[in-house]
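Taking it in order: structure first as C-alpha cells, then the write-up.
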Amino acid sequence: MRQLGQILKAKTEVRKEFIRYLISGLTVTLVNLLCFSLLTRILGLNRWYFSNLPAILLSIIVAYILNRCYVFRSKKPWKSEFWQFLLTRSAVSFTFEYLSLWLLLDVLKFRANLTFFNLPWAKLLAQIAVVIGNYLLGKFFVFKDRG
C-alpha cells in the first residue's frame, strides 16, 4: 500500500512539473517570437538570421531562470548548471531554428505569416521542435540531480 502511495505521489509531481514546464515554455516562446518579430520588422524578413540570434539568446537566459527557479527547482551550484544549460540550449535552439528557418524560408520559400504578429509560420514550426528537444535535455541532462 505504501508503494502505491509513493507511485501516485511521484506521478502527481511529474504532472505538476510538466505543467510548470508548459507555462515556462510558453513564456520563453513568446519572448523569442516577440523579439524575432520586432527585429524582423526593423531588419526585414530577408535578414531573418540576424533577427534570430538575439531572440534565441534572450530566450535562453529567460528559460534558464524559469527552469532553475520554477520548473525543476534546482539546488545545484548555478555556475556549472548554467553552462550546461547554455550549451545544451544553444545546440538545440541554434540547430533546430536555423536549419528549420533556412529550409522553410530560403529553400522552400514558405513565407506565409501569422497576421497578428507578422511572424512567419516557419518560425512557429521551428519553435515546436525546439521546445521538445529542450525539455528532454533539461529534464535528463541539465537538471537531473535536483534537490
Side-chain angles (χ1 to χ4, degrees), residues 2-108 110 114 117-147:
R2 190 181 314 177
Q3 284 182 327
L4 179 60
Q6 289 173 338
I7 291 170
L8 291 175
K9 185 177 177 184
K11 281 187 171 189
T12 300
E13 184 54 36
V14 167
R15 271 192 226 114
K16 286 180 184 178
E17 180 181 273
F18 185 72
I19 290 169
R20 289 191 307 263
Y21 184 79
L22 281 177
I23 293 167
S24 171
L26 286 172
T27 303
V28 170
T29 300
L30 282 174
V31 166
N32 185 302
L33 295 175
L34 289 172
C35 184
F36 180 84
S37 180
L38 176 67
L39 291 171
T40 54
R41 285 178 193 221
I42 296 167
L43 300 172
L45 189 56
N46 298 3
R47 296 187 173 157
W48 62 266
Y49 35 86
F50 291 129
S51 301
N52 209 35
L53 178 65
I56 291 172
L57 292 175
L58 181 61
S59 65
I60 288 172
I61 292 167
V62 171
Y64 175 72
I65 294 166
L66 290 174
N67 277 262
R68 178 177 170 81
C69 300
Y70 178 64
V71 178
F72 299 111
R73 298 178 177 162
S74 177
K75 304 289 188 227
K76 288 170 46 176
W78 74 271
K79 286 182 183 176
S80 63
E81 187 180 74
F82 175 75
W83 288 111
Q84 280 183 325
F85 188 87
L86 182 66
L87 291 173
T88 58
R89 283 289 168 115
S90 295
V92 170
S93 296
F94 284 106
T95 302
F96 281 107
E97 284 202 46
Y98 275 89
L99 281 175
S100 297
L101 290 174
W102 171 76
L103 179 66
L104 292 168
L105 292 174
D106 293 342
V107 175
L108 298 176
F110 180 63
L114 294 165
F117 271 131
N118 194 31
L119 187 73
W121 273 100
K123 177 70 173 171
L124 195 60
L125 295 172
Q127 287 295 297
I128 293 168
V130 167
V131 167
I132 293 167
N134 283 334
Y135 175 76
L136 295 172
L137 281 174
K139 176 143 182 80
F140 297 111
F141 182 66
V142 178
F143 299 106
K144 68 179 177 181
D145 295 321
R146 286 175 275 158

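Every residue two or more places apart in sequence or in another chain that forms a side chain to side chain contact (heavy atoms under 4.5 Å, CB included) with W102 is listed here: W48, D106, V107. Listed by chain and residue number, L33, L114, W121 satisfy the side chain to side chain contact (heavy atoms under 4.5 Å, CB included) test with L124 (two or more places apart in sequence, or in another chain).
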Could you walk me through whether I128 and F96 pass the side-chain contact (heavy atoms from CB on, under 4.5 Å) test, one step at a time? CA-CA 10 Å; I128 293 168; F96 281 107; over 6 Å; no
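The shortest distance between side-chain heavy atoms of L43 and Y49 does not fall below 4.5 Å.
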Without placing hydrogens or testing angles, list every side-chain donor-acceptor pair under 3.5 Å for residues 56-71, not counting sequence neighbours.
{"from": "S59", "atom 1": "OG", "to": "N32", "atom 2": "ND2", "distance (Å)": "3.3"}
{"from": "S59", "atom 1": "OG", "to": "A55", "atom 2": "O", "distance (Å)": "3.1"}
{"from": "S59", "atom 1": "OG", "to": "I56", "atom 2": "O", "distance (Å)": "2.8"}
{"from": "Y64", "atom 1": "OH", "to": "W78", "atom 2": "O", "distance (Å)": "3.3"}
{"from": "Y64", "atom 1": "OH", "to": "E81", "atom 2": "OE1", "distance (Å)": "3.1"}
{"from": "N67", "atom 1": "ND2", "to": "A63", "atom 2": "O", "distance (Å)": "2.7"}
{"from": "R68", "atom 1": "NH1", "to": "K76", "atom 2": "O", "distance (Å)": "2.9"}
{"from": "R68", "atom 1": "NH1", "to": "E81", "atom 2": "OE1", "distance (Å)": "2.3"}
{"from": "R68", "atom 1": "NH2", "to": "K76", "atom 2": "O", "distance (Å)": "2.9"}

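Once rounded to the nearest 0.5 Å, the distance linking OG1 of T29 with CG of L34 reads 10.5 Å. Of the inter-residue distances, the one linking F82 atom CZ with L87 atom CG reads 9.5 Å to the nearest 0.5 angstrom. Note: F110 CZ to L103 CG = 11.5 Å, rounded to the nearest 0.5 Å. Rounded to the nearest 0.5 angstrom, L53 CG and E97 CD are separated by 10.5 Å.
Nearest heavy atom pair, residue S37 against residue T40, reads O-OG1, 3.0 Å. Taking all atoms of both residues into account, the shortest heavy-atom contact from V131 to Y21 is O-OH, 3.3 Å. Residues T88 and F85 approach most closely at OG1-O, 3.1 Å, considering heavy atoms.
S24 places no side-chain N or O within donor-acceptor distance of the main-chain N or O of R20, the cut-off being under 3.5 Å.
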